[in-house]
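Written out below as structure tokens is the structure these notes cover.
In what follows, chains are A, B, ... by sequence order, proteins preceding strands, each numbered from 1.
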Protein chains: 2
Amino acid sequence: MPRSVRMSSNRPSTLPATESDNEKVSIIFGLKRSQLKVRFCTNESQKSREDLVGMLRRLGFDISEGEVTAPAPATCLILKERGLRPHLLIHDGVRSEFDQIDTSNPNCVVIADAGEGFSYQNMNKAFQVLMELENPVLLSLGKGRYYKETSGLMLDVGPYMKALEYACGIEAEVVGKPSPEFFKSALREMGLEAHQAIMIGDDIVGDVSGAQRCGMRALQVRTGKFRTGLIFRGGWGQALCTPILANSGLIGLAEAVTGAWQDPGDMSEMFLVLFRPASAKREKKGLTFFGTCQ
Amino acid sequence: MPRSVRMSSNRPSTLPATESDNEKVSIIFGLKRSQLKVRFCTNESQKSREDLVGMLRRLGFDISEGEVTAPAPATCLILKERGLRPHLLIHDGVRSEFDQIDTSNPNCVVIADAGEGFSYQNMNKAFQVLMELENPVLLSLGKGRYYKETSGLMLDVGPYMKALEYACGIEAEVVGKPSPEFFKSALREMGLEAHQAIMIGDDIVGDVSGAQRCGMRALQVRTGKFRTGLIFRGGWGQALCTPILANSGLIGLAEAVTGAWQDPGDMSEMFLVLFRPASAKREKKGLTFFGTCQ
């Protein structure tokens with residue numbers, strides 16, 4: 001029996017179908033008990049890993065900092081390697097990740113999902129820093145277009161990255177999904193090859209297309225910020241298999257994962273998991289639905 | 001003697017070289033006394049034409065509303081023709097131009113240089129309106145990258161237009177320079193053909209490249225937001241002749257205009273003038289230096 005189907009048997013039958021967070025908690029629990037390796041691959045750039053993991057643990061998820069691949073620590077590595085001192089246009093929630101970074105006399109700009117911090121004044125300051133540099137360097141923590149909050153769709157860092165690119169006539173370096181380098185670092189951390197892993201996510205660009213360009217299989221779920229029209233409008237990418245239908249629950253996910261592999265004997269060794277709890281106030285990027293209802 | 005050289009003889013010799021606004025006032029005066037037709041072609045979208053002309057007249061410039069080609073009234077014509085009801089992301093200073101426009105139940109977004117109005121909240125609202133539409137329409141009053149204020153370079157509407165384009169996966173319709181339609185409307189208003197006119201401006205994209213794509217000659221001045229590096233970095237366009245040197249004054253401009261014509265007998269019938277007074281608090285787009293020092 002394929003391992004992913006075995007997973008579904010771990011779903012506690014007592015959980016009501018509408019308690020999607022509880023359902024997800026049980027799925028993570030099931031994944032960890034199975035022989036499948038799990039890693040959480042996030043573009044979250046408003047929170048430090050510590051805060052992100054803390055929030056998820058309070059919701060009941062079995063997750064530790066060491067299981068998370070996130071853009072802020074990856075960016076810090078790049079800054080140190082290249083002797084870059086950033087001007088930071090970031091959310092206060094993630095600032096602690098940059099505590100060890102020299103930000104004096106900036107020679108680059110780091111942009112992340114700053115939310116309300118994307119004021120005209122702050123954007124203009126970042127722009128002016130770049131324009132003062134002979135060789136402007138702009139590092140962007142992800143390039144997501146938007147995400148979903150309880151109040152509706154919200155602009156992510158990508159549009160603001162594009163704004164600075166256009167204003168300065170430069171191209172940003174993206175740290176995070178969909179950058180192949182970011183997926184490869186997650187694979188390295190797990191000691192796996194691309195063909196051994198499958199990416200599950202709701203974003204056709206950041207999750208599905210990004211993972212596929214890296215040589216991984218990918219599966220798109222019809223939840224979170226999934227919107228049918230966007231599959232076709234931009235031509236950014238395609239899911240390898242039919243997205244899971246809403247209300248299909250864990251069994252639906254398991255079947256879709258099975259179907260994503262041409263050869264059932266070549267089953268996944270790892271799930272790279274986008275993980276989005278429904279009960280969190282911010283339904284932020286880097287969080288997934290496992291075929292649960294919404 | 002070429003007409004443009006004749007112009008220079010109108011420069012009052014009593015004006016000190018540093019009083020660039022007075023110098024420009026005299027140039028407009030001289031242009032109007034000459035046989036050259038003058039039109040002011042602006043992407044100003046923070047002020048109504050009435051306010052813009054009022055400010056310039058107080059600075060001594062001989063200019064009337066009827067001599068100005070501006071994007072706000074051009075946009076209103078488009079909205080009426082196509083039955084569009086805009087959500088307006090604009091500066092309060094230009095709102096009066098849209099007094100006659102129905103903004104109920106929006107079926108498009110109009111974006112202009114909103115300055116401080118480009119808050120995260122306002123950008124997100126415009127984004128949400130677009131995402132609710134089956135066929136999102138985004139009209140942008142210009143697509144300038146930045147302009148110069150006394151406090152430094154400032155982001156213009158273009159970067160924010162790009163942000164919404166990327167977020168929604170759409171392409172904006174630009175009303176204003178460098179749209180060839182905008183230059184053509186200015187030419188129509190003067191009853192001239194493109195080959196009879198020369199564009200003078202400091203923006204290699206909005207002014208020079210835009211006019212050239214429309215079939216006009218163009219001349220870039222080395223003042224205002226001119227920056228050498230940007231000519232080469234983006235590959236957006238080229239000036240037809242060597243930019244006027246700083247401190248070259250009116251005579252330098254006249255010589256450059258003369259040199260811009262391959263056949264001296266085919267002299268300009270019109271100057272489309274970018275007009276930027278140095279003493280205005282906002283050194284806003286749509287204002288030119290005539291080879292004066294800065």
Please state whether the side chain, the backbone, both or neither of Phe127(B) comes within less than 4.5 Å of a heavy atom of chain A. side chain

Go through the atoms of Gln128(B) and report whether side chain, backbone, both or neither lie under 4.5 Å from a heavy atom of chain A. side chain

Determine the option with the most heavy-atom pairs under 4.5 angstrom with chain A, choosing from Gly152(B), Ala114(B), Pro159(B). Pro159(B)

Of the listed residues (Gly158(B), Gly117(B), Ser119(B)), which shares the most heavy-atom pairs with chain A below a 4.5 Å separation? Gly158(B)

What's the separation between atom CE in Met161(B) and atom CG in Asp156(B), rounded to the nearest 0.5 Å? 10.5 Å

So, taking the atom named CG in Leu130(B) and the one named CG in Leu153(A), what distance separates them when rounded to the nearest 0.5 Å? 12.0 Å

Closer than 4.0 angstrom, basic N to acidic O: yes or no for Glu173(B) and Arg82(B)? yes

Report yes or no: do Tyr147(B) and Asn43(B) form a side-chain donor-acceptor pair below 3.5 Å? no

